*Asks:* 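Can you read through this structure? Questions will come right after.
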There are 2 protein chains.
Amino acid sequence: MHSISKENYLKTVYHSAGGSGEQVATSKLADKLEVSNAATSEMARKLSDAGLVNYARYKGVGLTESGEKIALQVLRRHRLWELFLIEILGMSWGEVHDEAERLEHCTSDTLINKIEEHLEFPKFDPHGSPIPDREGNLPAMPTLIPINQSVAGDTYIISKVVDQSSELINHITSLGIHLNSKIMIVDKLDFDESVRIKIGNEVHSLSKKVSEHIFVSELNNQDKI
Amino acid sequence: MHSISKENYLKTVYHSAGGSGEQVATSKLADKLEVSNAATSEMARKLSDAGLVNYARYKGVGLTESGEKIALQVLRRHRLWELFLIEILGMSWGEVHDEAERLEHCTSDTLINKIEEHLEFPKFDPHGSPIPDREGNLPAMPTLIPINQSVAGDTYIISKVVDQSSELINHITSLGIHLNSKIMIVDKLDFDESVRIKIGNEVHSLSKKVSEHIFVSELNNQDKI
DNA sequence: AGACCAAGTTAAGCATCCTTAAAAATAAAG
DNA sequence: CTTTATTTTTAAGGATGCTTAACTTGGTCT
Ligand SMILES: [Mn+2]
Ligand SMILES: [Mn+2]
Ligand SMILES: [Mn+2]
Ligand SMILES: [Mn+2]
């Protein structure tokens, strides 16, 4: 098994590259991992030596096939743990991410497979993200769009919430937004890129920062999830 | 939270001191932790600086009050995880120790309390060891004796198995020994300190190494567990 | 007591992962 | 196409936790 730092790094490259094999700037990774640029450059070289990323100085990093395999394993552990903590142990949406962020690094295949079995082989985690199977395959997903790209007047279903920070999740929860909530886009304000949405009878304003982390699907796509 | 190394060290001091505040030789800890004596001496000094152990050169280490508090927290997490993995996830006796050895270092109070609640506040782990409560108090336990101190001809109940290594646990399991099994001491051989025991209709020979890790209670003490 | 031995400690050094500060490469302006 | 600004890398060093090898210390044997 690789070190905690290496696993977190590979997972972050995967997230930042947006699934495809794009090159990611080392400074972007430094931001997300909350370490210095210097630390990220150094790690890029080490992971490159280990054959887990493609890296050329000043050109960013991208996962190799074996690097992606590891990233998907970590992601699998993270997402299964989150679902388990919510479904079986009754923890809250806001609590599970930080816990999973640690557990993902100290869970054997045997254990994570037991958890998967206990949850009856789920396909999505509590934030709507797909869970890789034992071979690293992701389930088919409908195309989702972030709220800041939605159309005013249209109605959508909340389908995924990017859960990088528990602060964001707690804020979203406090607005009454949950997975599979139905929302209507009231209007979009150009000057600050905020979006006003209607949930039930309440109208809330979402800043750009918030709206770009919430993904929705069109109402008629709902059955695909 | 302290580092993994420090937590393991404190836990090992607790185990080695046999509950009371005896001083433990650094070399004994080095053996159990499978590191060099040098590493143990260095760590003794660091933990002493942090006020977690009493340490005077050449005199061994003993837990301070705050050191014992941490040891008991780690022990609590270890034992609750082991029980959880067996009871809820169906893992085997031999598998859970190694898993718990890692999980014990990355589990928040919130999570371990949820686990405790889910298990309905158990008092003993799957090997018969007592589980400290949230305040670090251990449940009352009957006095147990290791099999190598048992009396030939007498009948006992298996009440605790020290689970330092999964090899030992697997061996014991393969002999058909489980918690609460009833056994009879057939005889004790002086020349190699082995013990022969009868379980059901089978007679097995236990080496000294094995017999000193299995603890039994007299038959009439059974109800106290 | 003096010599000896085993147990325990210190010294020096290595791996990992991080930092800040200086240097180099790339990108942006003029 | 230079000059400047920004991004990225390299260099030097610190903390932690480990190693082997050399050195102390305390206890034992004669
Ligand atoms: Mn998460
Ligand atoms: Mn993590
Ligand atoms: Mn155990
Ligand atoms: Mn451990």
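Because only heavy atoms are used, hydrogens play no part in the values below, and waters and symmetry mates are left out as well, while side chains stay in. Nothing here was measured: the structure is a model prediction, and the numbers come from that model. Below, read A as the first sequence line, B as the second, and so on, with proteins coming before strands; counting in each chain starts at 1.
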*Asks:* Would you say the side-chain atoms of Ser16(B) pair up with the backbone N or O of Thr12(B), donor to acceptor, closer than 3.5 Å?
*Replies:* yes
*Asks:* Of the options dT8(D), dC18(D), dA7(C), whose atoms approach the side-chain atoms of Ser27(A) most closely?
*Replies:*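 For Ser27(A), the side-chain atoms sit closest to dT8(D).
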*Asks:* Remember a base hit wins even if backbone is also touched, and classify Tyr55(A) as base, sugar-phosphate or nothing at under 4.0 Å, heavy atoms.
*Replies:*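 Sugar-phosphate contact only - Tyr55(A) comes under 4.0 Å of backbone atoms but never of a base.
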*Asks:* Rounded to whole angstroms, how far apart are CD on Glu7(A) and C1' on dC17(C)?
*Replies:*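 Distance check: Glu7(A) CD to dC17(C) C1' gives 15 Å.
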*Asks:* Could you tell me whether a side-chain N or O of Arg76(B) sits under 3.5 Å from a main-chain N or O of Pro132(B), the two making a donor and an acceptor?
*Replies:*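 Confirmed, Arg76(B) side chain pairs with Pro132(B) backbone.
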*Asks:* Polar atom pairs between nucleotides 20-26 of chain C and protein, under 3.5 Å, N or O only, would you list them?
*Replies:*
unit_1  : atom_1 : unit_2   : atom_2 : d
dA25(C) : O4'    : Tyr58(A) : OH     : 3.1

*Asks:* Verify the neighbour count for atom NZ of Lys32(B): are there more than 12 heavy atoms of other residues, nucleotides or ligands below 6.0 Å?
*Replies:*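 Result for NZ/Lys32(B): enclosed.
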*Asks:* Parallel, tilted or perpendicular: which describes the rings of His127(B) and Trp93(B), with under 30° parallel and over 60° perpendicular?
*Replies:*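 Rings of His127(B) and Trp93(B): parallel, as their planes differ by under 30°.
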*Asks:* Check for a donor-acceptor pair, side chain of Thr64(B) on one end and backbone N or O of Leu52(B) on the other, with a separation under 3.5 Å.
*Replies:* yes
*Asks:* How far apart are the closest heavy atoms of Leu63(A) and Asn54(A), and which atoms are they?
*Replies:*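 Closest approach of Leu63(A) to Asn54(A), heavy atoms only: O-OD1, 3.9 Å.
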*Asks:* Quick check against the 3.5 Å criterion: does Glu95(B) have a side-chain atom that pairs as donor or acceptor with the backbone of Ser92(B)?
*Replies:*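 Yes; judged by distance alone, with no hydrogens or angles, the pair exists.
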*Asks:* Ignoring hydrogens and angles, tell me if any N or O in the side chain of Asn170(A) forms a donor-acceptor pair with the backbone of Ser166(A) under 3.5 Å.
*Replies:* yes
*Asks:* Let me test you: for the helix from dA1(C)-dT30(D) to dG30(C)-dC1(D), what is the angle between the axes at its two ends (five pairs each), rounded to 10 degrees?
*Replies:* 10°
*Asks:* Without swapping roles, check the side chain of Gln23(A) against the backbone of Gly60(A) for a donor-acceptor pair under 3.5 Å.
*Replies:*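 Yes; judged by distance alone, with no hydrogens or angles, the pair exists.
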*Asks:* Can you name the closest pair of heavy atoms from Asn8(A) and Leu33(A) and give their distance?
*Replies:* O-CD2, 3.9 Å
*Asks:* Would you say Thr26(A) reaches dT9(D)'s phosphate, i.e. side-chain N/O to OP1/OP2 under 4.0 Å?
*Replies:*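 Yes, Thr26(A) has a side-chain N/O under 4.0 Å of OP1/OP2 on dT9(D).
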*Asks:* In whole angstrom, what separates Asn8(A)'s CG from dC17(C)'s P?
*Replies:* 11 Å
*Asks:* To the nearest Å, how far apart are Gln23(B) CD and dA7(C) P?
*Replies:* 19 Å
*Asks:* Please report, rounded to the nearest Å, how far the P atom of dA15(C) is from the NE2 atom of His2(A).
*Replies:* 17 Å
*Asks:* Between N or O atoms, less than 3.5 Å apart, protein on one side and nucleotides 13-17 of chain D on the other: list the pairs.
*Replies:*
unit_1  : atom_1 : unit_2  : atom_2 : d
dG17(D) : OP1    : Ser3(B) : OG     : 2.5
dG17(D) : OP2    : Lys6(B) : NZ     : 2.9

*Asks:* Got a donor-acceptor contact below 3.5 angstrom from the Arg196(B) side chain to the Lys188(B) backbone?
*Replies:* no
